[in-house]
Amino acid sequence: MIKKILSMKGIKKIFPGVVALSGVNLELEKGQVLGLLGENGAGKSTLMKILAGSYKPDGGEIYLAEQKVEIQDVNHAKELGISIIYQELSLCPNLTVAENIYAFQEPTRFGLIDDQKMIAMTQNLFKELDIDISPTAMVKDLSISNQQMVEIAKALSTNPKIIIMDEPTSALSSKETEKLFTIIQKYKNEGASMIYITHRMEEIFAITDSISVLRDGQYIGTVATEKTTSEELIKMMVGREMNQVYPNKDFHYVKDEKLLEIKNYRKEKYFYDVSFFVRPGEIVGLYGLMGSGRTEIAKGIFGIIKKESGHMYMKGKEIKVKDPFQAIEHNIAFVTEDRKNEGLVLSAGVYENVTMANLGRFLNKFRMIDKEKEVEVTSQHIKDLRIKTPTFYQTVNKLSGGNQQKIVLAKWFEIDPEVLILDEPTRGIDVGAKYEIYKLMIELARKGVGIIIISSDLPEILNVSDRLLVINEKRIIAELDPKQTTQEEIMTHIIGRGDRHGQTKELA
Amino acid sequence: MDKLKNWLSQKKLFKSYSGVFLALIGLMILFSFLSPHFLQTNNLLTILSQVSIIAILAFGMTFVLMIGEIDLSVGSIVALCGIVLGVMLSSGQSAFVSIVIVLAVGALAGLFNGMISAKFRIPTFIVTVAAMGIFRGIGYAITDARPIQIENSFILFLGNGKIFDTIPVPVVVVLVLLLAAHILLSKTKFGRQAKIVGGNRVAAEYVGINIKRLQMKIFMITGLAAAVSSILLSARLYSAQPNVAIGYELDAIAATVLGGTSLSGGYGTVIGTFIGALIMGVINNGMNLIGMPYFYQQIVKGLIIIIAVFIDVRNKERLLAK
Amino acid sequence: MDKLKNWLSQKKLFKSYSGVFLALIGLMILFSFLSPHFLQTNNLLTILSQVSIIAILAFGMTFVLMIGEIDLSVGSIVALCGIVLGVMLSSGQSAFVSIVIVLAVGALAGLFNGMISAKFRIPTFIVTVAAMGIFRGIGYAITDARPIQIENSFILFLGNGKIFDTIPVPVVVVLVLLLAAHILLSKTKFGRQAKIVGGNRVAAEYVGINIKRLQMKIFMITGLAAAVSSILLSARLYSAQPNVAIGYELDAIAATVLGGTSLSGGYGTVIGTFIGALIMGVINNGMNLIGMPYFYQQIVKGLIIIIAVFIDVRNKERLLAK
Amino acid sequence: GCSSTAADPEDDQIRIGASILTQSHPFYVSIKTALEEEAAKQNVAIDVSVADQDLNRQISAIEDFINKGVDAIIITPVDSDGVKGAILKAKAANIPVVTVDIKANDVEVDSHIATDNYSGGMIAAEAMAQYLNGQGDIALITYPEVQSVRDRIDGFKKIAATHPGLTIVTELPGRTRQEAKSASEDMLTGQANLKGIFGFGDDMAIAANAAITERNSNAIVVGFDGLEEARNSVDQDNAFKAVVVQYPDRMGSEGVINAIKLAKGEAVEKEIPVTPGLYIHGQGFVDVKVEDGKVIVNVQ
Ligand SMILES: Nc1ncnc2c1ncn2[C@@H]1O[C@H](COP(=O)(O)OP(=O)(O)OP(=O)(O)O)[C@@H](O)[C@H]1O
Ligand SMILES: Nc1ncnc2c1ncn2[C@@H]1O[C@H](COP(=O)(O)OP(=O)(O)OP(=O)(O)O)[C@@H](O)[C@H]1O
Ligand SMILES: [Mg+2]
Ligand SMILES: [Mg+2]
């Protein structure tokens, strides 16, 4: 019986201007879940893409079940029993759920695709994984979290021996995360091995058996999960001590007045009766399950989803926000949750992405863009947020996921907002950088900025926000003090509300 | 008939082109009021055989647009294949051998486009705009720009003959190819791969699709479609000429886009394309029948195309809103 | 150190069109060996004034492609604007008034394209392919297809005059427009917004860019470019005709893509476009000088275009690999 | 039953369908105008369809005429060979066909009215030779895709070959005035001793004339078609010395007259050749004859 199902030795990978991996080792035992940790840009995804056959390594060796292999391409990797959930969503929006899951491995009959069988296979798979999504729904109509569940199902559909999960939970809420953990446990019991990448410490301890850490493309070490602490792991990752994950915010707000107030916002199917306010310097958290409507509310405030009725007030004066342009005019900033589709221009450089929401500020007296200034400002953000990029000209599609997310943040910090809406702002961001971002948020708050934060990361939202609004069924159902409340209390609110679901739905 | 309708309306797919279909029906009603000749069986069959050449090109184009690429050389491939047909026939080859060789030439021309663009990573727009000159130039060079008469009776039958003395052969050909292309695009793994590539290239790579190979195959399909078109066209013209089918690439693309295929890839149906081609054919025929002056034909045709797409866009939005 | 890095990466930007530039130089060396007349100052200036018309269209096209759209109607706008120029001049208007009106007509034609496509969400391919027929049809209808002679000496000077008895006026015009378009695209907020829209429409919308308005403005720019082209062209031909500039849209797009602009938007430079246009001009002129037979001209031109883009693609990859 | 092919019941007026090669050229605009004017004069209805130089479209238009049940069809073929199918279809429907300007090969039409392009080309060459005293390098602007142009060029070359001092040094494509102007400029750059340019159409001759004027070259130009703009240019003192003149208006009206006769079942002449004329600087129209492969003309 072979225990060591995979070992990677001295893996190297060089991109133009970047050494992504310089001799990394990795070992995986059968039936084990290996956590892979490292800061943004450490090389985790690159290493996994090499294993999955979508990159060719520039050096090093790979052994599967102690047999040396040269992984030719993704098909070869699949044949070898390696399956991967990529960090970035990689589904076809123009196909249905079932068509995506069985893409390139469709069942056929008489040479033609057997749709009925494919749908049945999807249904079986979903039943096994306890996923509730219609196999015939178009992927473009699904929420991100559902798309992520489809990705997970797709990776499992081939009955792989090694499953790689690159930040699978960054788009999931706690409920789906639990579901995923059940799935992982099940496959593990059936003898599959897994490599699990995340930036959430509590997940590492909940699910892994041992942990390997990368830093700056180098292999730092491997530890058994039972024998380590999050302090030790953080130290391995960032190379220094970090005694705090959440910085301390020593004030609730800077002024007891309503900076931004929403009254009775309503849009059929998207949100109902939304009324709340944020004070200068206050951080208001919105929490809810997947599909509860948090993102829609934020989009409604920002004028992306056009409200049918309701009012908005800024410092007591009514304002009209019909589109993002007007929102920005009123100094409202909105960090969207889907960085690739809604946030970044992947084909443009770092500096162009950072300055795009506030170009007016970068014009010289001839109304020309002042590139020096762009570069200067971008450099500052690169330093503040510790963005890892070879130059500020680098096109952002070449950056690691976490660093891309930081650029979206930089873009909105750049407009000097009075109200900052953050939808899953720390998705895919490493512990160290998260800390920096929380600190920046507190600094902004201290200057009087009102912050609304949406997060599916419960510990995060409980620690960061001053006031917590619970969202369910497109409505605000409760307001809680995050310092006093517990996860159980929040769930009671949501589930208590859940009893009346039937009625709400009939009304709608 | 009713059963067919029932079955059709159940199909979600059908709804995706019900907008263009509406536009087509609207146009037909309009022209049937404007000209008493329009709705005659004979005229309807004439329209079908008139559009057959563009429609077949557009079937091929649907595959190319599906993967987000473009082929501007199809008109020139038609010309080149026609010349080859003429040369083969006049050098005494049989119709069968000539057809096989013409199809091979079309596929090779397509392969040229597909290979150069895929292997050397050159945008297909550039490759096919260049190939446009190359293929037509070869056609001219072969015959010194002179037409070659086509006298082979089987070939002439393909372009001008009638089955049961009523149904023009090109109509049969176009319907058979419609079915084949529809199945290929929407029911086979090959068609699905095209859709995946057009929808998300990265995802396609990740699931292991060999995009380059697929691209080559797809350009071979447009080449083959052009070869078939060239046979029908040469027969229709009783001659092979290097200066035919100029600008047909734009007509074929317009028919395809009119039929709902997205220029940026991922969406499209062959049936929609056929309806798109029919709309163009009905406009041309209808305006000829009512004797509209030439200058106005161009203007009116442009406006009708815009309106047809507008109806389609609106219809799709209405369906989505439901 | 940081400064050096900064400077280097700026150079990298320059290098982004060094590949096409290389191809251009290669071609020029080739033709200077093949024809003793090629490198004469006079001939080089002739090439510049021959390409001026396509180059100006291609400048406008660069903006359209930048936002991921396409304009197939520019050739027809050139024809229509020329006719308007001819009609104005022969009805006794001054050159100044005529030019202003021609520019306005060009901008309006562009606005038509931009507005229809943006407001009704119709693909620009369809709108401009339709507009192609509409604008040219109007041109024909105005003059009944007859040419109008241009006799106004100022207008003729614009197309055929020389400054200091050596530099053709069109060359000056094209260089001034090159500078203006380059600044507009790469140095202004407007140009940057175009790049953002081309790169990611949703992200652009979310940072408050009014995409529809931008699209309308950009189509007005292509319309204006076409109007300027039409003035030079009419002067060059000493007449306004509705059948000029057929197919120029493809030449303009080819020059633009040859110059490195991406057809799917988000990337492109005006200088690259100019180099692309020059390559096409040098090919045409060089082959004429050596008297290459007509049929082979088309073939050779196609092959050269492919090779030029190939050099460019390879060069970019080589640079990246460093 | 909607498959009847009967003509419109409401009128017994004669209805003619005409398919014209193109409308983007003044020559064919003249033919079209002549067709329409003659039809109005004779009180018959006429539908003119434009093929835009697309043979397939021409055939479609003729099919549409047949479906509509016209009494006669006039065609200026896009291509001599390619129009055969359409003519056969018309014949099968018992509709008489008249061709104008360009012949149909390998199929019999009821009447054909045309300029003799080959002879026209010969006349142009002879005029060029006489202007140059039989000596010098000359260049041709061509459009080899079009049959009538090929005929002109062939005729030109035939006579040019009879003058040993004349050398055709280059042939470049110039399908539009713009292309012709670039081609002329490049001819003048590439051929230092160029003495003459033959343009196959008015547009080409006018473009060549402009290029020569701008370059102060002493080359001369001979053109073909001879519509008003070109004749005006020949009248002026410049390089454009002579133009072979066709008579599109005459061809148009003869076409309609024959079509009406055929529709009524009357007999017509099978061929009406229209010999082109020659219009030269300082003299206007001059006498010209083509006999035994020789051109008899005097331009001095
Ligand atoms: N295609 C590419 N071209 C150039 N550089 C790249 C490319 N892909 C990744 N890189 C660089 O390689 C380094 C490692 O990236 P990788 O995506 O592996 O990081 P990661 O550990 O997954 O980070 P994250 O936690 O942010 O996802 C980064 O510096 C990144 O900028
Ligand atoms: N593009 C879309 N088209 C149609 N429906 C959508 C689209 N995006 C989201 N929805 C629907 O809107 C609802 C809410 O979406 P979403 O899941 O983004 O809300 P959320 O509360 O922000 O949750 P999360 O942040 O966990 O994604 C879901 O029912 C989803 O199906
Ligand atoms: Mg990663
Ligand atoms: Mg959300």
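Reminder, nothing fancy here: chain letters follow the sequence lines and each chain counts from 1.
- Distance check: C/Ile209 CD1 to A/Ile328 CD1 gives 8.5 Å after rounding to the nearest 0.5 Å.
- Note that NZ of A/Lys371 and OG of C/Ser186 are 7.5 Å apart. Values are rounded to the nearest 0.5 Å.
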*Can A/Arg367 and C/Thr188 be said to form a side chain to side chain contact (heavy atoms under 4.5 Å, CB included), step by step?*
CA-CA 7 Å; A/Arg367 313 281 306 151; C/Thr188 69; over 6 Å; no

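- Atom CG of residue A/Leu363 and atom NZ of residue C/Lys187 lie 13.5 Å apart, to the nearest 0.5 angstrom.
- Panel note: side chain A/Asn341, backbone C/Val202; no donor-acceptor pair is recorded below 3.5 Å.
- The CZ atom of C/Arg213 lies 7.5 Å from the CZ atom of A/Phe325; values are rounded to the nearest 0.5 Å.
- A/Lys388 NZ: more than 12 foreign heavy atoms inside a 6.0 Å radius.
- A/Ser347 and C/Gly199 get closest at one heavy-atom pair: OG-CA, 3.8 Å.
- Counting heavy atoms from C-beta outward, C/Lys189 and A/Leu359 have side chains that approach closer than 4.5 Å.
- For the pair C/Val207 and A/Trp412, the minimum side-chain heavy-atom distance is below 4.5 Å.
- Surrounding NZ of C/Lys119 are at most 12 heavy atoms belonging to other residues, nucleotides or ligands under 6.0 Å away.
- Heavy-atom distances place the side chain of A/Thr336, and not its backbone, under 4.5 Å from chain C.
- For A/Ile14, no part sits under 4.5 Å from any heavy atom of chain C, backbone or side chain.
- The residues A/Glu374 and C/Arg192 are annotated as salt-bridged, a charged nitrogen and a carboxylate oxygen being separated by less than 4.0 angstrom.
- The minimum heavy-atom distance linking A/Phe302 with C/Tyr206 is given by the pair CE2-O, 3.3 Å.
- With a threshold of 4.5 angstrom between heavy atoms, A/Lys411 approaches chain C through side-chain atoms but not through N, CA, C or O.
- Counting heavy atoms from C-beta outward, A/Glu352 and C/Ile196 have side chains that stay 4.5 Å or more apart.
- Each of A/Val345, A/Leu346, A/Asn353 was scored for a side-chain contact (heavy atoms from CB on, under 4.5 Å) with C/Asn200, with one residue passing: A/Val345.
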